[in-house]
Visitor: 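Structure provided below as structure tokens; questions to follow.
The shown structure was predicted, so the numbers you read here are calculated from the model rather than taken from an experiment.
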Amino acid sequence: RSLFEKKLGSDYSPEIVICYEASVEFLKEIYPDALHIHNMLGFISREPFPETSSLDPLGFYKKSFLNSFSKDIKARKISSEESAFLETFRTHYLREGVMKDNPFSGYNFRTHYSKLLLLPLQVSNYFAFDGCFEEGKGYKTQLDYLLHVMENVDSSIGVIVTEHGFEPVLEQRVSSFLKDKYPNFIYEEQFRDVKWVSQYLLPYVDGVITVSSTVGFQAMLWQKRLITLGKSQLSPYAEHTSIQDLNKNWGKEYQSDNENLLAFLFTHYAPLINSYHHAGTWYKDFLLRSYERRDNIDFSFFTPIDSLASISKNYLKESRVPKTIKKDSAEKPDMSFDEMNENAKVVSFDVFDTLLVRKLGNPATIWNIMAPQVCEIIRSHRYDVPSFFSFSEERLFAAKVALERAKKKGREDVELKDIYDVFCERMKYTSQSLSAHLTALEEKTEESFITVRKKGHDLYSKAKQSGKKVVFVSDMYLSHGFVS
């Protein structure tokens, strides 16, 4: 409170506080009279689906409107028009979208299992995952979470596991260990080559087990079983809320019916970002109406987003069924030199993704490629490598810590050396040269996977030919010397 008063003044009192994907409950205490909107991407947002938004007046996940008013949502009667809309949506986005050129259409995951579960891993040390458990009752890492599921789920059920893009944990040594220990653990290296991979595996499984991933909502769209652990926005709508209950009742007929929830999401709770949330008039009306209701938030808080006919039309208009499912960070929308201001004397280029691109779809794949050499380097410095060591997980966490430390010192960015200094500190490796050795390895590995982006190079050449001054900029953690 004192910090806010110091920066904003003791008399400052906002009418509306909008928080994007961060748990800042203390703001409600500082500004109790304000409307607090908790904003994040909605229940669908990844290709081929359009982006939706969540604008919740109560909170995220277990504190959300969906959790608080679950009984009312379940009791809500779905109209015949809403049922027809859901069927149209499934036809366009599931049958004609996800299933079109599905990369797993030729796979036979059921060779040894009559029942299959999809387990989409999430991100550790993040409130979207950790906040769904009581203190001391959650999982320290995604590997702990995965091991808990594999230890407890019936061995007759095949478990297909996917990684979150921000936390790749299933490097080869780890996945090999898990396959040896749990015959029903299913993971393929090819999963990393498919963008939003869980969406394309959903048609081939019988259910999804998750904590709070939006893949749980997609399970409802596919009318699959939903199993949740912890307490989140999904929990009230799950068929099972423990692995023990799943094992005991798997053989029973599928009972869950979440059509009423889906209809509520589409028509009241989750507006399309382009058609509504980012449309000034709609968003202004929503905020003004919500502000008037801030002291009386009940089930009627969310009014219809638009007429069902308009919503349906906009969902078809915003379709993002991709031409290809493979990741391709090298291709961005076409750029045109002619669109540049002719009077501009300086043209700046972002080095990465504009002039240069990685040949790999997921940047974190670099760490998995490095992992064996990292272990060799550590041992060459006469340190032990933990038997269950996940380099990619430790590298990701070190980057988070390094960035937090930098911000406390007033810096916005970190360099690669800073990250490996933290890595060595966490692993209790005190050799001063080890951090430099690992930094050099990552730079060398990065360089081997970097290539020139033709469109960017063409623009650069035209800018030079026109006599304009060219400036290269980059916010990457790679050093100035390396980028140069």
Visitor: Please check if the distance between the ring centroids of Phe286 and Trp282 is under 6.0 Å.
Guide: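 Ring-ring flag for Phe286/Trp282: true, centres closer than 6.0 Å.
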
Visitor: Determine whether a donor-acceptor pair (N or O, by modelled atom type, separation under 3.5 Å) exists between the side chain of Arg294 and the backbone of Asp33.
Guide: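 Indeed, once roles are kept as given, a pair shorter than 3.5 Å links the two residues.
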
Visitor: Can we say Arg379 and Glu376 salt-bridge, meaning some charged N sits less than 4.0 Å from an Asp/Glu carboxylate O?
Guide: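 Answer for the salt bridge query: no.
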
Visitor: Has the side chain of Thr214 got a donor or acceptor atom that lies under 3.5 Å from a matching backbone atom of Phe217?
Guide: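 Between the backbone of Phe217 and the side chain of Thr214 there is no qualifying donor-acceptor contact (under 3.5 Å).
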
Visitor: Report the relative orientation of the aromatic rings in Tyr145 and Tyr139; use parallel for angles under 30°, tilted for 30 to 60°, perpendicular for over 60°.
Guide: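 Tyr145 and Tyr139: tilted rings.
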
Visitor: Would Arg90 and Trp222 count as a cation-pi pair here, with the cationic atom under 6.0 angstrom from the ring centre and within 45° of the axis?
Guide: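 Judged by the rule, Arg90 and Trp222 form no cation-pi pair.
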
Visitor: Quick check against the 3.5 Å criterion: does Glu163 have a side-chain atom that pairs as donor or acceptor with the backbone of Leu170?
Guide: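 At least one qualifying donor-acceptor pair exists.
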
Visitor: Taking all heavy atoms of His36 and all of Ala34, pick out the closest pair and write down the distance.
Guide: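 Residues His36 and Ala34, closest heavy atoms: CD2-O, 3.3 Å.
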
Visitor: Return yes if some donor-acceptor pair links the side-chain N/O of Gln122 with the main-chain N/O of Ser212 below 3.5 Å, else return no.
Guide: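 Such a contact is found between Gln122 side chain and Ser212 backbone.
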
Visitor: Using a 3.5 Å distance criterion without hydrogens, assess whether the side chain of Tyr237 forms a donor-acceptor pair with backbone atoms of Leu66.
Guide: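 Yes; judged by distance alone, with no hydrogens or angles, the pair exists.
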
Visitor: How are the rings of His268 and Phe264 set to each other: parallel, tilted or perpendicular (split at 30° and 60°)?
Guide: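 The rings of His268 and Phe264 lie parallel, inter-plane angle below 30°.
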
Visitor: Compute the centroid of each ring, for Tyr429 and then for His381, and state whether the two points are separated by less than 6.0 Å.
Guide: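 Here the rings of His381 and Tyr429 have centres that are no less than 6.0 Å from each other.
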
Visitor: Check this for me: does any side-chain nitrogen of one of Asp421 and Lys417 sit under 4.0 Å from a carboxylate oxygen of the other?
Guide: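 Yes, Asp421 and Lys417 are salt-bridged.
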
Visitor: Measure the acute angle between the ring planes of Phe89 and Tyr315, then classify it against the limits of 30° and 60° as parallel, tilted or perpendicular.
Guide: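 Perpendicular, since the angle between the ring planes exceeds 60°.
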
Visitor: Run the ring-centre check on Tyr126 versus Phe129 and record whether the distance is less than 6.0 Å.
Guide: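 Judged by ring-centre distance (under 6.0 Å), Tyr126 and Phe129 do not meet the cut-off.
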
Visitor: Output the distance between atom NZ (Lys231) and atom CG (Asn67), rounded to the nearest 0.5 Å.
Guide: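 Here the interatomic distance stands at 5.5 Å.
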
Visitor: Examine distances only and state if a side-chain atom of Glu151 and a backbone atom of Leu146 form a donor-acceptor pair shorter than 3.5 Å.
Guide: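 Between the backbone of Leu146 and the side chain of Glu151 there is no qualifying donor-acceptor contact (under 3.5 Å).
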
Visitor: Look only at the side chain of Asp56 and the backbone of Phe65, and say whether a donor-acceptor pair between them is shorter than 3.5 Å.
Guide: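 Yes, because the side chain of Asp56 sits within donor-acceptor range (under 3.5 Å) of the backbone of Phe65.
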
Visitor: Is the charged tip of Arg293 near the ring of Phe302: under 6.0 Å from the six-membered ring centre and within 45° of its axis?
Guide: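 No - Arg293 does not lie over the ring of Phe302 by the 6.0 Å and 45° rule.
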
Visitor: Quick one: does any side-chain atom of Asn260 pair with a main-chain N or O of Lys74 as donor and acceptor, under 3.5 Å?
Guide: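 Between the backbone of Lys74 and the side chain of Asn260 there is a qualifying donor-acceptor contact (under 3.5 Å).
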
Visitor: Taking the side chain from Lys62 and the backbone from Gly131, do they hold a donor-acceptor pair closer than 3.5 Å?
Guide: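 A pair under 3.5 Å: yes.
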
Visitor: Given the rule in the salt bridge (Lys or Arg N to Asp or Glu O under 4.0 Å) test, do Arg46 and Glu51 qualify, once you have shown the distances and angles that lead to the verdict?
Guide: CA-CA 7 Å; Arg46 309 303 187 193; Glu51 289 185 319; 5.5 Å; no

Visitor: Check the orientation of Phe191 and Tyr187. Use parallel for under 30°, tilted for 30 to 60°, and perpendicular for over 60°.
Guide: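 If you compare the ring of Phe191 with that of Tyr187, the planes turn out perpendicular.
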
Visitor: Has the side chain of Arg225 got a donor or acceptor atom that lies under 3.5 Å from a matching backbone atom of Trp250?
Guide: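 Yes, Arg225 side chain to Trp250 backbone: donor-acceptor pair under 3.5 Å.
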
Visitor: Look at atom CD of Glu425 and say whether more than 12 heavy atoms of other residues, nucleotides or ligands are closer to it than 6.0 Å.
Guide: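 Buried by this count: over 12 neighbours within 6.0 Å.
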
